[in-house]
Amino acid sequence: MKAMTYQQYGGPEVLQQAPLPIPKVSPGAVLIRVKAAGVNPVDWKIMGGHLDSLMDVNFPVVPGWDVAGIVEAVGFDTPEFSVGDEVFSYGRRDTIQGGTFAELVALPAAIVAHKPANLSWEQAAALPLTGLTAQRSLDTLGVTAGQTLLIHNGSGSVGRTAIQLAAQEGVRVIATGSVKNHARLRELGAIAVEYGSGLVERVRAEAPEGVDAVADFIGGVLEDTLALLKENGRHASIADASVSSHGGHYVWVRPGTEELVRLSLLVEDGSLSVDVAQTFPMQEAARAFEASMSGHGSGKVVLTEFSN
């Protein structure tokens, strides 16, 4: 099969297309023909060696954790799925090696779910890690109707999802983002404020008594978070492990079918939308990484099938 791989740590320049054996399908697993694969910052951070102290890496690596595709084969005793099923997954495993930037990927059935019918392949591939991260962050914070939640980086894919999940529960959401994205943030259900210098004052103008909870999806904002939290307020971050030393929670998402199904139901009833900013054919994964690394997108970067 065709796959995008790298043989050593580095930047986008280390990615190359290479032929690899078709993955074996173990009992309780499914082989998925990849229709689209989401690009996440963690993908290029791993490639840069930044998670080397946390996770074992076996070269050559096929990057990618998000996938949407069609079941090509099922392992023994896998009654949940049949050949031809449309599925999606957050396919993280404990060892970095066989990812989703390939024609085929084998994953445990326990982390795969049926794809929402009303999502395109690209949207379905954009949802898993983004959606699960937002969902777990909000579950951790325990925000409820009538409370005020501040989201740092509401313009990012995780932030956009979290706005929708919180707003539909009756939570008052204040979200930071660049001015060009404010209209979209308001459409999703948030009060939009510009990030950067003076943020505390701008948020205080909307929430004079402070906020009940803060979800940090960008990092480097702990001082502002602590300045804006009410007494006994809760905060969580996906980008700053130091929050644990200041009463916060550092979120690291776990894969699982049950949580994907929760997201699917929200998508299917129209409560949750997915924004895709750019798509690239699989062989242009390096360009897709560069687009993701720029941080200027208005949604998720997604890879589609190889075009050659």
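Just so it is clear, the values below take in all heavy atoms, side chains as well, and ignore hydrogens, waters and symmetry mates. It should be emphasised that the depicted structure is a prediction, and the values quoted were computed from it without experimental measurement.
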Practice prompt. Could you check Asp240, Asp216, Thr225 and say which one makes a side-chain hydrogen bond (donor to acceptor under 3.5 Å, both in side chains) with His152?
Written response: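 With His152 as partner, Asp240, Asp216, Thr225 yield a single side-chain hydrogen bond (donor to acceptor under 3.5 Å, both in side chains), made by Thr225.
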Note: [X]-[Y] ion pair, threshold 4.0 Å (strictly below):
X      : Y      : result
Glu201 : Arg204 : no
Lys35  : Glu305 : yes
Lys115 : Asp85  : no
Arg287 : Glu290 : no

Item to complete: Give the intermediate values and the outcome of side chain to side chain contact (heavy atoms under 4.5 Å, CB included) for residues Leu119 and Phe88.
Response: CA-CA 11 Å; Leu119 288 188; Phe88 74 135; 5.8 Å; no
With the side chain counted from C-beta on, respond yes when [X] and [Y] share a heavy-atom pair under 4.5 Å apart, and no when they do not.
X      : Y      : answer
Leu104 : Val34  : no
Thr5   : Gln16  : yes
Ile96  : Trp65  : yes
Leu263 : Leu127 : yes
Arg184 : Asp275 : yes
Phe101 : Val39  : yes
Glu169 : Thr144 : no
Val243 : His235 : yes

Separation between [atom1] of [X] and [atom2] of [Y], rounded to the nearest 0.5 Å:
X      : Y      : atom1 : atom2 : answer
Asp212 : Thr148 : CG    : OG1   : 5.5 Å
Ser307 : Gln283 : OG    : CD    : 3.5 Å
Arg33  : Glu86  : CZ    : CD    : 14.0 Å
Gln135 : Leu272 : CD    : CG    : 9.0 Å
Asp224 : Leu226 : CG    : CG    : 9.0 Å
Arg92  : Ile46  : CZ    : CD1   : 9.0 Å

Worksheet item: Less than 6.0 Å separating the ring centroids of Phe289 and Tyr6?
Response: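 Aromatic pair excluded; centres sit 6.0 Å or further apart.
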Worksheet item: So, Phe81 versus His114, ring centres under 6.0 angstrom or not?
Response: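 Here the rings of His114 and Phe81 have centres that are less than 6.0 Å from each other.
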Fill in: hydrophobic_cluster_shared for Val74 and Ile22, side chain cutoff 4.5 Å
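Yes, one cluster joins them.
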Discussion item. Side-chain heavy atoms nearer than 4.5 Å, only ILVMFWY residues, links allowed to pass through others: does that put Tyr195 and Leu185 together?
Written reply: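 They do not share one cluster, since no chain of ILVMFWY contacts under 4.5 Å joins Tyr195 to Leu185.
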Worksheet item: With no hydrogens and no angle check, is any side-chain donor or acceptor of Asp52 less than 3.5 Å from a backbone partner on Gly49?
Response: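 Such a contact is absent between Asp52 side chain and Gly49 backbone.
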Worksheet item: Is the side chain of Asn40 donor-acceptor paired with the backbone N or O of Val42 at a distance under 3.5 Å, no angle test?
Response: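 Judged by distance alone, no pair lies under 3.5 Å.
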Item to complete: Test Ser237 against Val251 for side chain to side chain contact (heavy atoms under 4.5 Å, CB included), laying out the working first.
Response: CA-CA 6 Å; Ser237 176; Val251 174; over 6 Å; no
Worksheet item: Is the number of heavy atoms from other residues, nucleotides or ligands under 6.0 Å of Lys230 NZ greater than 12?
Response: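 Count over threshold, so yes.
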